[in-house]
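Note that the structure is predicted; figures quoted are calculated from it, not measured. No hydrogens, no waters, no symmetry mates; every other heavy atom, side chains included, goes into these values.
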Amino acid sequence: MSLEYTASEMMSVTAARALENGTTCFVGIGLPSEAANLARLTHAPDVVLIYESGTLQTKPDILPLSIGDGELCESALTTVAVPEMFRYWLQGGKVNVGFLGTAQIDRFANLNTTLIGDYKAPKVRLPGGGGAPEIATNAGEVFITLKHSKRAFVKDVDFVTTLGFGRDGKGRDNVPNIGKGPTRVITDLCVMKPDPETKELMVVSLHPGVTREEVMDATGWEVRFADQLESTPEPSEKELEILRELKARTERAHTGE
Amino acid sequence: MSLEYTASEMMSVTAARALENGTTCFVGIGLPSEAANLARLTHAPDVVLIYESGTLQTKPDILPLSIGDGELCESALTTVAVPEMFRYWLQGGKVNVGFLGTAQIDRFANLNTTLIGDYKAPKVRLPGGGGAPEIATNAGEVFITLKHSKRAFVKDVDFVTTLGFGRDGKGRDNVPNIGKGPTRVITDLCVMKPDPETKELMVVSLHPGVTREEVMDATGWEVRFADQLESTPEPSEKELEILRELKARTERAHTGE
Amino acid sequence: MAEFLSLHDAVARYVQDGATVAMEGFTHLIPFAAGHEVIRQKKRDLTLIRMTPDIIYDQLIGAGCAKKVIFSWGGNPGVGSLHRLRDAVEKGWPHKIEILEHSHAAMACAFEAGAAGLPLAVFRGYIGSELPSVNDQIKFIECPFTGERLAAVPSVRPDVSIVHAQRADRQGNVLVEGIVGVQKEAVLAAKHSIVTVEEIVDDLKAHPNACVIPSWAISAVAVAEKGALPSYTHGYYGRSNRFYKEWDVIARDRDTFTQWLDDNVYRAEENA
Amino acid sequence: MAEFLSLHDAVARYVQDGATVAMEGFTHLIPFAAGHEVIRQKKRDLTLIRMTPDIIYDQLIGAGCAKKVIFSWGGNPGVGSLHRLRDAVEKGWPHKIEILEHSHAAMACAFEAGAAGLPLAVFRGYIGSELPSVNDQIKFIECPFTGERLAAVPSVRPDVSIVHAQRADRQGNVLVEGIVGVQKEAVLAAKHSIVTVEEIVDDLKAHPNACVIPSWAISAVAVAEKGALPSYTHGYYGRSNRFYKEWDVIARDRDTFTQWLDDNVYRAEENA
């Protein structure tokens with residue numbers, strides 16, 4: 001194969017493939033939304049997408065810019081109030097996969113979307129938790145997707161907005177009624193999964209052409225690689241075509257009024 | 001005046017007159033519903049009627065047989081789920097008056113709709129609490145209407161399903177976020193109100209032609225009469241006409257399929 | 001995804017002897033057809049949950065299906081008593097049943113809490129009522145912010161919930177319209193759920209905020225035309241208030257009741 | 001009954017300096033016109049509550065109206081940061097503001113609890129999050145039935161809530177449709193409420209289970225045509241995603257922002 005594709009496209013296609021057909025997925029805005037909709041438009045036509053704005057089983061033709069774009073409501077099976085969304089659908093245990101992005105992630109897959117620096121005197125104030133803290137604990141499992149960089153992949157997050165496996169990897173042990181937590185992290189370089197014992201994220205699959213060194217350089221801790229390190233399958237022509245059309249449609253729509 | 005009317009009609013008209021125009025009223029089925037709709041069709045066109053089936057601001061053309069007749073939904077401003085009805089509209093403090101019937105009432109206006117006799121071996125099993133326990137505490141005040149009889153008006157109810165003023169008259173003292181409780185009881189013989197101090201029900205108004213002895217004979221405790229005992233105004237011709245038409249329409253509708 | 005099953009198969013698969021079952025419908029959309037199927041299949045030792053056990057639960061109790069009833073108002077709406085319920089509670093016919101009673105507010109909140117995946121519902125209730133003295137499932141908690149004493153009851157989480165609705169689309173998504181009661185909550189709170197519908201359509205024609213239960217939140221959808229009669233289905237047919245009044249006579253007497261059950265439920269199987 | 005007022009008069013009457021104000025709208029139906037009126041009337045020391053403070057709160061904060069912001073996600077959706085919020089938090093311009101932050105689940109439940117007249121909301125949340133270490137309004141309670149540890153937050157009970165909706169009828173009953181967010185809850189939870197609408201109509205044409213807020217649950221209704229722009233009103237006009245992107249540039253710089261405010265908010269008064 002000698003298809004041309006970008007690292008971002010590789011990330012989106014890989015993230016999309018993680019979603020099985022028929023899965024009920026609570027979708028974060030941005031990269032997760034792109035991946036989830038790509039899944040729906042390719043191998044998983046019956047994936048059920050839920051956005052925290054209350055839109056149940058939505059099938060947007062273009063990617064929403066915000067979590068509450070009109071497109072999400074118009075193409076939804078129905079739209080419920082936000083309290084109902086969090087109570088009945090998320091907390092009620094109807095969500096198989098929570099699909100999240102983040103600003104910072106640490107080796108135990110804890111997520112920080114609150115701030116960089118100290119809480120009382122932040123260097124950078126980030127938007128905050130939003131739906132993530134409860135998506136991460138109430139969904140059956142969690143997928144995370146973001147670009148790989150040393151700023152994003154840190155040994156310890158400045159602030160645990162959202163639980164991965166806690167600062168010691170044991171944050172979910174003996175907690176009743178909690179999901180499995182992050183089961184995979186999809187970046188533009190690789191796929192990571194938590195070590196079954198320690199819960200530390202390790203690289204299980206490298207994207208085509210990516211080296212171990214590149215991943216190590218972009219990761220803020222001494223990242224481990226699985227013994228059986230795999231090579232992530234390349235995007236297919238069809239996946240790339242559908243992704244590009246989706247993004248082009250979206251771009252056209254969002255630059256209009 | 002020499003209008004002909006029954007004691008039941010006198011009761012309904014008097015109960016209806018208790019509802020001021022513009023009041024938001026949570027309506028019990030049966031006599032309260034008859035009175036509340038008569039109010040709406042006479043002096044209180046803007047009274048807001050709410051039924052526990054979720055029907056908000058309903059204007060039924062015939063009296064519902066059940067609390068959830070289709071007529072209630074079809075003529076409502078909107079219909080909400082039952083949990084919302086009890087949480088947002090009743091507990092949320094939007095109801096001025098709760099209008100209740102009962103099987104038994106005692107001198108402190110406690111209501112029993114649970115059973116006659118002992119709980120473990122009931123002589124008569126009644127339908128139970130339904131909405132009443134929380135209507136009586138969460139509504140701004142409570143009106144009660146029922147036929148006067150020694151079986152119904154007892155010194156102490158067999159079971160306090162629904163709080164009036166408690167078995168000692170002090171059941172609402174120092175309770176936060178509680179309504180005023182029963183402020184009047186309308187029967188086919190008289191109107192009763194709680195004594196401002198002791199909260200014991202006393203007769204404040206006798207219906208035309210009714211004697212103190214009749215009320216005493218129909219009341220299971222030594223009932224007191226207000227110093228300024230009033231005579232309940234008679235129904236007007238118009239009220240009787242509207243009530244009779246309402247009941248005739250209802251009868252016709254309910255005997256069909 | 002909901003499976004389309006016959007009512008017979010849905011009840012056979014999901015209603016087990018000894019199960020906790022909620023058949024809901026607040027006067028409207030009461031799942032009578034499904035209730036009759038439960039009677040025909042002679043399910044036993046059921047714990048029946050329902051805010052307003054009306055004549056469908058009277059029939060189930062009289063037919064001997066119930067071990068326990070959890071409810072908040074058990075009457076024939078606008079008519080009077082449930083004679084079969086009373087006969088079981090007062091005289092133990094056909095056998096003694098246990099009852100656990102709540103107020104409507106408590107049960108509505110308990111269904112909400114069940115749908116919300118919580119173990120308890122918290123609300124301002126039962127103040128001054130003696131129901132907490134006969135129901136050990138009513139407790140009180142203190143608000144950590146204000147110190148106010150609030151009532152708490154366990155959430156409702158049935159083994160199986162059964163409701164009736166207007167229609168399903170071909171994917172099994174269900175529209176409920178009109179007096180929606182606690183039906184959605186009952187389905188979401190349950191481990192399994194059966195929804196009977198008047199019809200299957202290509203398009204639900206639902207407005208943007210309609211009460212639609214997605215197919216993937218339902219175990220089985222079964223067509224049961226006029227499945228709510230003598231209750232009603234908004235937009236399809238009205239309530240037979242006449243039958244509710246007649247029921248008072250039928251249910252008052254054990255023999256009349258038994259005869260009615262034979263004629264209208266057991267024998268209906270043969271014609272199905 | 002809701003009173004029909006001009007937007008100016010509604011804000012003047014119900015939004016007091018120092019008040020706790022919730023302007024809600026989950027991306028959809030954000031009450032921009034009302035927010036601008038609050039800025040024009042130079043309201044000060046407001047505690048602003050909102051799940052998703054987006055650019056309307058950025059504008060209020062930059063204009064110096066806010067003392068404190070209670071929120072769960074403060075960003076420009078799909079674009080990036082709220083620069084005025086950040087400038088206030090990080091550098092104290094135009095003055096230092098306090099923030100109190102929650103998760104969406106917490107705030108959604110807190111609005112629900114406020115509408116339900118409760119002092120607290122109980123939910124399964126904040127497990128493993130460090131937000132409880134920086135927000136002393138997050139507590140935990142133990143379920144008296146299961147022993148499970150659950151999160152509790154105080155309910156939201158604003159002095160005044162402001163929301164935008166599609167339309168009101170001549171009695172002041174309001175229809176909200178599409179992404180309804182927590183708007184109904186915000187109105188019901190508040191002591192006073194202002195609802196701006198696109199238009200007044202004779203008949204709401206609402207379906208049986210529509211999200212309708214009755215007139216008697218609202219303090220004031222004010223007509224504000226296109227009152228949600230650059231947000232949108234389902235059925236009326238779309239979201240100006242372009243403006244949301246432009247805002248990133250406008251808000252990044254204090255002078256550009258101040259100029260924008262002068263041109264688009266303060267001077268708009270003169271044209272009103």
Checklist entry - So do the side chains of D:Leu131 and D:His102 get within less than 4.5 Å of each other, counting heavy atoms only? => result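 Not in contact.
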Report yes or no: does [X] contribute a side-chain atom to a donor-acceptor pair with the main-chain N or O of [Y] at less than 3.5 Å?
X: C:Thr47; Y: C:Lys68; value: no
X: D:Tyr14; Y: D:Ser161; value: no
X: D:Ser215; Y: D:Met1; value: no
X: C:Arg50; Y: C:Gly25; value: yes
X: C:Asp54; Y: C:Thr27; value: no
X: C:His28; Y: C:His234; value: yes
X: C:Tyr244; Y: C:Arg239; value: no
X: D:Tyr126; Y: D:Ala106; value: no

Checklist entry - Mind checking which of residues 163-198 of chain D sit less than 4.5 Å from chain C, heavy atom to heavy atom? => result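 Those residues of residues 163-198 of chain D which have a heavy atom under 4.5 Å from chain C are D:Val176, D:Glu177, D:Gly178, D:Val180.
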Item to check | C:Phe243 to C:Pro230 - nearest heavy-atom pair and separation | outcome: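 So the two residues come closest at CD2-CG, 3.4 Å.
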Checklist entry - Taking C:Asn209, C:Thr146, C:Leu120, C:Leu118 one by one, which has the highest count of heavy-atom pairs under 4.5 Å against chain D? => result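 Most heavy-atom pairs under 4.5 Å with chain D: C:Asn209.
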Checklist entry - Using a cut-off of under 4.5 Å for heavy-atom pairs, which of C:Cys211, C:Ala113, C:Ala152, C:Ala210 has the most such pairs with chain D? => result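 The candidate making the most pairs under 4.5 Å is C:Ala152.
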Item to check | Choice from D:Glu148, D:His207, D:Arg124 maximising heavy atom contacts with chain C below 4.5 Å | outcome: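 The answer is D:His207.
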Checklist entry - Around D:Glu199, counting heavy atoms of other residues, nucleotides and ligands shown, do more than 12 lie under 6.0 Å from its CD? => result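 It does: D:Glu199 CD has more than 12 such atoms within range.
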Next on the checklist: Checking an interface table here. Which of residues 133-142 of chain C come within a heavy-atom distance under 4.5 Å of chain D?
Outcome noted: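 Residues of residues 133-142 of chain C touching chain D at under 4.5 Å: C:Gln137, C:Lys139, C:Ile141.
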